[in-house]
Amino acid sequence: MDIKEAIKERHSVRQFKDLPVKSEDKEKLEVLIKECNAESGLNIQLVTDDPECFDTFLAHYGKFKNAKNYIAMIGSKSIDKLDQKCGYYGQKLVLVAQTLGLNTCWVAGTYGKGKCKADKNAGEKIVCVIALGYGESQGVAHKSKPVSKLCKVSEADLPATPAWFQEGLEAAILAPTALNQQKFQVSLDGDEAVITTKRGPMTQLDLGIVKYNFEAASGHKVR
């Protein structure tokens, strides 16, 4: 499975099999996390065998099962566009996890922040975590808003746009967003794609996720 296939096949999963992360899968994720941290300045960490992080009322209400492995998205509060960076690099890890046969769920509010075993340095904050494991299912696709609500290029003009833009747009629409709110818009400025978002809870995190999907599918950087 390549990244483009992972974008199409990856869905949010909250119920996991009671299995540890395979050592070879853990090693591959650790290598990628190290690369992401070096590139971004973040302090992303993989935590395994920690059921306490999801042992909260909200996690049980959210129907998490056997959630004991996660990626903690951490960074200094002084990092410019911290939430957006966490979304971007977190989605990179999510899609690679999918290619390894692992399932994931972005979690911003239904985990125990005080119970998270990731090491946080002074001046850093945990933006969110990504639950990780071998799912009992592959999840289901989320409902999406119509293209007209998510893209500033009219549907009549879309066929005339570059193929890479159309591929990127399709991937952006498939990106997970908080509460499936999809508060982003994709536009084409000359030969450059631009993705913006409205204000709201977790929209900057979502923006990073959407941007990564677009770039991974299209091969073009996003402004």
Between Lys85 and Leu42, is there a donor-acceptor pair closer than 3.5 Å when you use the side chain of the first and the backbone of the second?
-> no
To the nearest 0.5 angstrom, please state how far the CD atom of Glu30 sits from the CD atom of Glu35.
-> 12.0 Å
Do Leu102 and Tyr111 belong together in a cluster built from hydrophobic side chains that touch within less than 4.5 Å?
-> no
Kindly state each residue pair satisfying salt bridge (Lys or Arg N to Asp or Glu O under 4.0 Å) with at least one member in residues 152-178, sequence neighbours excluded.
-> Lys4-Glu167
Minimal heavy-atom distance between Ile79 and Gly41, with the atoms involved, is CD1-O, 3.5 Å
Mind listing the closest non-hydrogen atom pair of Lys77 and Leu82 along with its distance?
-> CA-CD2, 4.3 Å
Residues 65-73, side-chain donor-acceptor partners within the protein, below 3.5 Å, at least two apart:
residue: Lys65; atom: NZ; partner: Glu136; partner atom: OE2; Å: 2.8
residue: Asn66; atom: ND2; partner: Phe16; partner atom: O; Å: 2.9
residue: Lys68; atom: NZ; partner: Asp18; partner atom: OD1; Å: 2.9
residue: Asn69; atom: OD1; partner: Asp49; partner atom: N; Å: 2.9
residue: Tyr70; atom: OH; partner: Asp50; partner atom: OD2; Å: 2.5
residue: Tyr70; atom: OH; partner: Lys117; partner atom: N; Å: 3.0

Exceeds 12 heavy-atom contacts within 6.0 angstrom, atom NZ of Lys34 | no
hydrophobic_cluster_shared for Ile33 and Tyr212, side chain cutoff 4.5 Å = yes
Could you tell me whether a side-chain N or O of Gln15 sits under 3.5 Å from a main-chain N or O of Lys63, the two making a donor and an acceptor?
-> yes
Which pairs of donor and acceptor atoms, one on a side chain in residues 19-27, lie under 3.5 Å apart (sequence neighbours left out)?
residue: Asp25; atom: OD2; partner: Tyr134; partner atom: OH; Å: 2.8

Decide if atom NZ of Lys145 counts as having more than 12 heavy atoms of other residues, nucleotides or ligands within a radius under 6.0 Å.
-> yes
Roughly how far, to the nearest 0.5 Å, is CD of Glu124 from CG of Asn43?
-> 4.5 Å
For residues 90-99, which side-chain N or O atoms pair as donor and acceptor with protein atoms under 3.5 Å away, sequence neighbours left out?
residue: Gln91; atom: OE1; partner: Trp106; partner atom: NE1; Å: 3.3
residue: Gln91; atom: NE2; partner: Asn213; partner atom: OD1; Å: 2.9
residue: Thr99; atom: OG1; partner: Val96; partner atom: O; Å: 2.6

So do the side chains of Ser40 and Tyr88 get within less than 4.5 Å of each other, counting heavy atoms only?
-> no
At their closest point, which heavy atom of His142 faces which heavy atom of Leu174, and how far apart are they?
-> CE1-O, 3.2 Å
Find the distance between CD1 (Ile44) and SG (Cys86) and round it off to the nearest 0.5 Å.
-> 6.5 Å
Is there a side-chain contact between Val47 and Cys53, using heavy atoms and a 4.5 Å cut-off?
-> no
Taking ILVMFWY side chains as joined if any heavy atoms are under 4.5 angstrom apart, and letting links pass through other members, which residues group with Met202?
-> none
Test side chain to side chain donor-acceptor pair (under 3.5 Å) applied to Lys221 - qualifying residues, sequence neighbours left out | Glu215
By side chain to side chain donor-acceptor pair (under 3.5 Å) - contacts of Glu39 (at least two apart) = Tyr89
Any sub-3.5 Å donor-acceptor pair from Glu5's side-chain atoms to Asp2's backbone N or O?
-> yes
Could you grab the distance from atom OG of Ser12 to atom CG of Asn103, nearest 0.5 Å is fine?
-> 9.5 Å
So which residues get pulled into Leu169's cluster when ILVMFWY side chains under 4.5 Å apart are joined, directly or through others?
-> Val147, Leu150, Val153, Leu158, Trp164, Phe165, Ile173, Phe184, Val186, Leu188, Ile195, Leu207, Val210, Phe214, Val222
If you count the non-hydrogen atoms of other residues, nucleotides and ligands that lie under 6.0 Å from CD in Glu52, is the total more than 12?
-> no
Taken in chain and number order and not counting sequence neighbours, the residues that satisfy side chain to side chain donor-acceptor pair (under 3.5 Å) with Lys211 are Gln84
Hphob cluster co-occupancy, Leu205 + Ile7, side-chain heavy atoms under 4.5 angstrom = yes
Given side chains that start at C-beta, do those of Ile209 and Pro176 come closer than 4.5 Å, heavy atoms only?
-> yes
Heavy-atom distance under 4.5 Å between the side chains of Val140 and His11, does that happen here?
-> no
All pairs passing salt bridge (Lys or Arg N to Asp or Glu O under 4.0 Å) where residues 171-198 contributes a residue, at least two apart = Asp189-Arg223, Glu192-Arg223
Residue pairs meeting side chain to side chain donor-acceptor pair (under 3.5 Å), one or both in residues 173-182, sequence neighbours left out, come to Gln181-Asp206
Closest non-hydrogen contact found for Ala216 with Ile3 is CB-CG2, 3.8 Å
By side chain to side chain contact (heavy atoms under 4.5 Å, CB included), which residues pair with Pro159, not counting sequence neighbours?
-> none
